[in-house]
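Read through the structure below, which is laid out as structure tokens, and then see the notes.
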Amino acid sequence: MAQSLATAFVPSSFSLVHNPISVAPKTSLSFPPSKIGGVSIKCARVGGVEIPNNKRVEYSLQYIHGIGRTTARQILNDLTFENKLTKDFSEEELTALREEVSKYMIEGDLRRFNALAIRRLKEIQCYRGMRHIQGLPCRGQRTKNNCRTLKGKRVAIPGKKKK
């Protein structure tokens with residue numbers, strides 16, 4: 001009896017089972033496309049990386065592994081470009097930017113170079129190589145209290161009690 005009374009007052013548009021997936025609006029994380037010469041461009045691709053359109057070029061270039069603030073400014077000075085939004089660049093300017101960025105060691109080449117350097121240190125078993133093998137800092141930092149990033153989470157030693 002109570003069940004029939006409860007269901008009689010439930011509006012037909014209201015569902016007792018709430019499904020958040022079907023109700024939630026679908027969102028996308030892509031940038032709004034900008035129209036340049038009748039062609040729709042979402043992100044500029046430089047150095048194998050899609051750099052954001054809605055930021056200035058100096059900061060957009062920093063999304064590329066191996067290009068920091070100084071290198072990004074140097075690239076803009078070499079090309080004599082002003083630091084404007086990436087979406088405001090013409091296709092010729094983007095081509096010149098791609099050519100200039102390709103002169104630097106970036107992304108995969110830089111990662112490979114660093115990995116080979118660390119592998120060489122490990123193979124010759126020098127001090128720095130041994131510290132890499134052990135997962136400890138190799139630039140002289142103290143390890144009694146800090147360096148949790150390299151050592152990982154603390155491991156409790158069984159049977160050891162503080163007095």
Side-chain angles (χ1 to χ4, degrees), residues 18-34 36 41-91 93-163:
H18 179 64
N19 189 356
I21 296 172
S22 64
V23 176
K26 297 189 179 201
T27 59
S28 63
L29 298 175
S30 64
F31 296 106
S34 60
I36 297 176
I41 298 176
K42 288 186 180 178
C43 288
R45 193 159 182 84
V46 178
V49 178
E50 289 186 353
I51 60 174
N53 264 349
N54 55 350
K55 295 189 179 195
R56 299 209 173 265
V57 181
E58 181 182 337
Y59 300 106
S60 294
L61 286 175
Q62 293 179 30
Y63 280 68
I64 302 171
H65 180 75
I67 295 183
R69 185 180 303 146
T70 307
T71 312
R73 286 181 183 162
Q74 184 63 42
I75 290 170
L76 289 177
N77 285 338
D78 291 346
L79 294 172
T80 62
F81 285 166
E82 64 179 65
N83 190 15
K84 56 185 177 182
L85 292 177
T86 310
K87 65 183 174 186
D88 296 337
F89 267 52
S90 67
E91 196 59 42
E93 290 174 325
L94 282 175
T95 306
L97 185 66
R98 286 185 191 107
E99 290 173 4
E100 185 67 27
V101 166
S102 66
K103 295 177 183 176
Y104 292 88
M105 185 183 292
I106 55 169
E107 287 297 320
D109 294 335
L110 181 61
R111 293 179 205 272
R112 197 173 304 110
F113 176 79
N114 289 338
L116 287 173
I118 292 172
R119 188 179 307 140
R120 182 184 60 85
L121 292 173
K122 290 178 180 179
E123 287 173 0
I124 64 175
Q125 301 228 331
C126 65
Y127 178 78
R128 282 176 57 204
M130 295 303 294
R131 299 296 277 187
H132 276 292
I133 291 170
Q134 295 169 355
L136 294 170
C138 57
R139 294 187 179 182
Q141 296 96 329
R142 295 181 179 264
T143 58
K144 181 177 180 182
N145 295 326
N146 290 331
C147 78
R148 277 289 138 210
T149 304
L150 289 172
K151 288 166 73 171
K153 288 190 86 62
R154 288 186 173 86
V155 178
I157 300 171
K160 185 175 180 181
K161 296 179 182 175
K162 290 187 177 182
K163 294 182 181 182

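These figures come from a predicted structure and were not determined experimentally.
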Practice problem: Identify, with sequence neighbours excluded, every residue that meets salt bridge (charged side-chain N to carboxylate O under 4.0 Å, His left out) alongside Arg111. | Solution: Glu107
Quiz item: Quick one: does Lys151's side chain have a donor or acceptor within less than 3.5 Å of a partner on Thr143's backbone?
Solution: yes
Quiz item: Who passes side chain to side chain donor-acceptor pair (under 3.5 Å) against Arg112, sequence neighbours left out?
Solution: Asp109
Exercise. Only counting residues at least two apart or in another chain, list the ones meeting salt bridge (charged side-chain N to carboxylate O under 4.0 Å, His left out) with Arg45.
Key: Glu50
Quiz item: How would you list all residue pairs meeting salt bridge (charged side-chain N to carboxylate O under 4.0 Å, His left out) that involve residues 119-147, not counting sequence neighbours?
Solution: none
Quiz prompt | Ion pair check, Arg56 and Glu82, cut-off under 4.0 Å | solution = no
Quiz prompt | OH/Tyr63: more than 12 non-hydrogen atoms of other groups inside 6.0 Å | solution = no
Self-check item: Glu58 with Arg69: basic N within carboxylate O range, under 4.0 Å
Solution: no
Practice problem: Check whether any side-chain N or O of Glu99 sits under 3.5 Å from a backbone N or O of Ala96 as a donor-acceptor pair, and report yes or no. | Solution: no
Self-check item: Leu97 side chain reached by Val46 side chain, heavy atoms, under 4.5 Å
Solution: yes
Quiz item: Taking it one step at a time, do Leu85 and Asn54 satisfy side chain to side chain contact (heavy atoms under 4.5 Å, CB included)?
Solution: CA-CA 6 Å; Leu85 292 177; Asn54 55 350; 5.9 Å; no
Quiz item: Can you name the one residue among Asn53, Thr86, Asn83 that meets side-chain hydrogen bond (donor to acceptor under 3.5 Å, both in side chains) with Ser60?
Solution: Thr86
Practice problem: Applying ring pair (Phe, Tyr, Trp, His ring centres under 6.0 Å), name anything that partners Tyr59, two or more places apart in sequence or on another chain. | Solution: none
Quiz item: For Asp78, which residues count as a salt bridge (charged side-chain N to carboxylate O under 4.0 Å, His left out) partner, sequence neighbours excluded?
Solution: none
